[in-house]
Q: 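Sharing a structure here in structure tokens format.
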Amino acid sequence: MTAGLPRPPAGDAEATTHLLEVRGLTKTFVATPALRALDLTIAPGEVHALLGENGSGKSTFIKILSGYHTPDPGGEVFVGGHPLPFGAPDSSYDLGCRFVHQDLGLVESLSVADNLSLTTGFPTRWGTVRGRELRRRVAAALEIVGLDLDPHQPVSALSPAMKTGVAVARALREDDGRAAGLLVLDEPTATLPVEEVRHLLEIVRTIAARGIGVVYVTHHLDEVFELADRVSVLRDGQKVVTTSVRDIDHTTLVHHLIGRGLDEAHAASTALPVGEDVVLAVADLAAGPLRDMDLRVRAGEVVGIAGLTGSGRDTLLPAIFGAVARSRGTVRVGAGARPVAGPRDSIAAGLVYLPADRKLHGGVMSLTARENLTLPRLGDFWRAPLLRRRAESSQARDWFARLDVRPADAAERPLFSLSGGNQQKVLVAKWLRCSPTALLLDEPTQGVDIGAKAEIHRQLLAAVAAGAGAVVSSADIDEVVALSHRVLVLRAGQVVAELVGDEISVATITRESLGSGAATQASAA
Ligand SMILES: Nc1ncnc2c1ncn2[C@@H]1O[C@H](COP(=O)(O)OP(=O)(O)OP(=O)(O)O)[C@@H](O)[C@H]1O
Ligand SMILES: [Mg+2]
């Protein structure tokens with residue numbers, strides 16, 4: 001069932017075999033081609049994974065489908081046999097296309113309910129629905145994704161995982177206008193804890209079983225094998241392969257992705273000795289759902305933080321940094337006797353924070369990548385009255401080369417024009433460059449491709465080997481396991497387990513995150 005799609009015009013029978021057909025789609029930004037002559041088809045009920053390194057053109061393709069970008073002349077897209085007019089979000093919607101964008105596209109200041117009634121950015125479809133009916137629809141939309149939220153709270157109050165849930169609910173909600181025919185998800189699991197990834201994959205399977213075609217973008221290859229029927233890989237804007245998932249293995253897929261094999265040997269923190277000096281001391285912290293938090297991080301140590309949504313994991317790092325209010329507790333950095341109070345104070349003391357939400361708190365999208373890099377310690381380059389631009393530029397080039405920020409001239413481009421994963425690399429580099437005493441990193445490799453992720457880990461561990469201490473909070477348990485000397489597992493606002501050495505494993509962290517009751521249920525099932 002390609003529910004809700006208008007009937008194709010007579011005589012266009014050939015095009016009806018595909019739910020989505022893309023022919024020769026090209027998009028050039030200024031002089032750089034982001035997408036080159038893409039051909040792609042999606043069948044009704046098919047889950048099609050779209051892979052590619054950071055900056056390979058995935059989001060560009062999706063933004064063309066949604067009407068946000070207009071492609072170069074010559075390309076064509078058909079949805080259910082109908083030509084898709086370009087640059088027209090309403091037409092895309094009317095043809096049954098639904099999107100969860102990489103940045104989710106939620107309006108932070110609006111309530112959950114208001115966000116659920118937005119379609120293409122304007123309150124059109126549900127705009128005339130009132131009162132009880134609207135409440136029913138909002139509840140139904142949230143129920144599909146299994147979210148139990150107060151619809152009146154602002155989206156800004158939600159954790160990254162809950163925001164993803166709201167964005168998915170919005171894409172899938174029922175609507176008088178048109179039912180969905182094609183669902184496009186751009187890295188929906190980038191910040192989702194493992195339990196919620198599983199839940200999302202279930203939802204996608206159910207959707208596809210109803211005949212809806214799904215385009216699924218991810219950097220997590222295991223999701224491809226678990227979920228997708230077919231997979232396409234983009235490299236530098238060009239499609240290098242489309243194949244049935246049954247016909248490809250992990251190693252071959254990696255080769256298509258990065259053009260070589262991946263050095264799977266993980267940079268491991270455990271090889272690094274932990275020093276004596278305490279570089280970060282958190283005592284008796286309470287904030288949001290968190291209480292009684294005590295944490296001491298030593299020079300050369302990586303402390304991992306794990307926990308599901310609602311565990312308080314999202315609050316811990318911003319509370320230590322002082323970006324969210326603490327109801328009690330003190331934070332001391334390095335040998336400083338005086339507790340630090342807020343973000344400015346923290347940075348001055350050598351404590352830096354990479355937030356989970358890069359668009360909202362992480363970077364200044366209108367500034368260039370270089371300006372974002374050097375924002376925190378511009379003093380280094382300031383020789384009155386001239387900014388020593390050359391020194392700044394060469395340092396930026398150096399860092400961007402280390403983390404492989406693309407394209408090659410990314411330094412002088414505004415941050416918004418970089419792909420999601422490349423923005424993330426810039427923000428990681430920004431804090432590593434400062435040689436901080438201690439780093440607080442929330443989801444440090446979200447949206448980063450498999451090759452760049454390994455490089456970020458190496459650079460982080462180099463900073464730690466040089467004497468910094470780090471706290472890494474991640475929904476990606478593999479990442480927590482790979483990086484941490486010690487792991488704290490949070491549940492219901494408290495530390496329920498502290499794991500060291502061999503105790504640090506995906507299985508143990510998952511079990512402790514779920515709690516013994518849930519673990520027993522899971523193993524009984
Ligand atoms: N608004 C824009 N202006 C100029 N260039 C852009 C713009 N948006 C994207 N680009 C460029 O187009 C190319 C493809 O970017 P795109 O966002 O499609 O990559 P992606 O495959 O989604 O990567 P990621 O995995 O990091 O999200 C990149 O080189 C990027 O810098
Ligand atoms: Mg993208």
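Position 1 is the first residue of the sequence, and the numbers go up from there. All ligand and atom numbering here is 1-based and tracks the order in the structure. If you're wondering where the values come from, they're calculated on a predicted model, not measured in any experiment.
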Q: State, with a plain yes or no, whether a side-chain heavy atom of Leu253 is found less than 4.5 Å away from one of Thr243.
A: no
Q: Do other residues, nucleotides or ligands put more than 12 heavy atoms under 6.0 Å from the OH atom of Tyr68?
A: no
Q: Which of these passes side chain to side chain contact (heavy atoms under 4.5 Å, CB included) with Val100: Ile62, Leu172, Leu185?
A: Leu185
Q: Just say parallel, tilted or perpendicular for the rings of Phe321 and Tyr353, cut-offs at 30° and 60°.
A: tilted
Q: Quick check: does Ser419 get an N/O under 3.5 Å from an N/O on ligand 1?
A: yes
Q: Are any of the side-chain nitrogens in Glu455 or Lys425 under 4.0 Å away from the carboxylate oxygens of its partner?
A: no
Q: Validate the cation-pi geometry between Lys27 and Phe29: distance from NZ or CZ to the six-membered ring centre under 6.0 Å, angle to the ring axis within 45°.
A: yes
Q: Gly421 to ligand 1: N or O pair under 3.5 Å?
A: yes
Q: Please classify the Gln102 to ligand 1 contact at 4.0 Å (heavy-atom distances, strictly less than): side chain, backbone, both or neither.
A: side chain
Q: Is the count of non-hydrogen atoms from other residues, nucleotides or ligands lying under 6.0 Å from Glu76 atom CD greater than 12?
A: yes
Q: Between the side chains of Asp398 and Arg402, is the shortest nitrogen-to-carboxylate-oxygen separation below 4.0 Å, so that they form an ion pair?
A: yes
Q: Any heavy atom of Gln423 closer to ligand 1 than 4.0 angstrom?
A: no
Q: So how many protein N, O or S atoms does the Mg ion (ligand 2) have within less than 2.8 Å?
A: 2
Q: Could you work out, for atom 10 (N) of ligand 1, the closest of Ser417, Pro407, Ala34 by heavy-atom distance?
A: Ser417
Q: Test your reading of the structure: does His219 have an N or O sitting under 3.5 Å from an N or O of ligand 1?
A: yes
Q: Salt bridge or not between Arg230 and Glu46? Use side-chain N to carboxylate O under 4.0 Å.
A: yes
Q: Gln424 near ligand 1, heavy-atom distance under 4.0 Å?
A: no
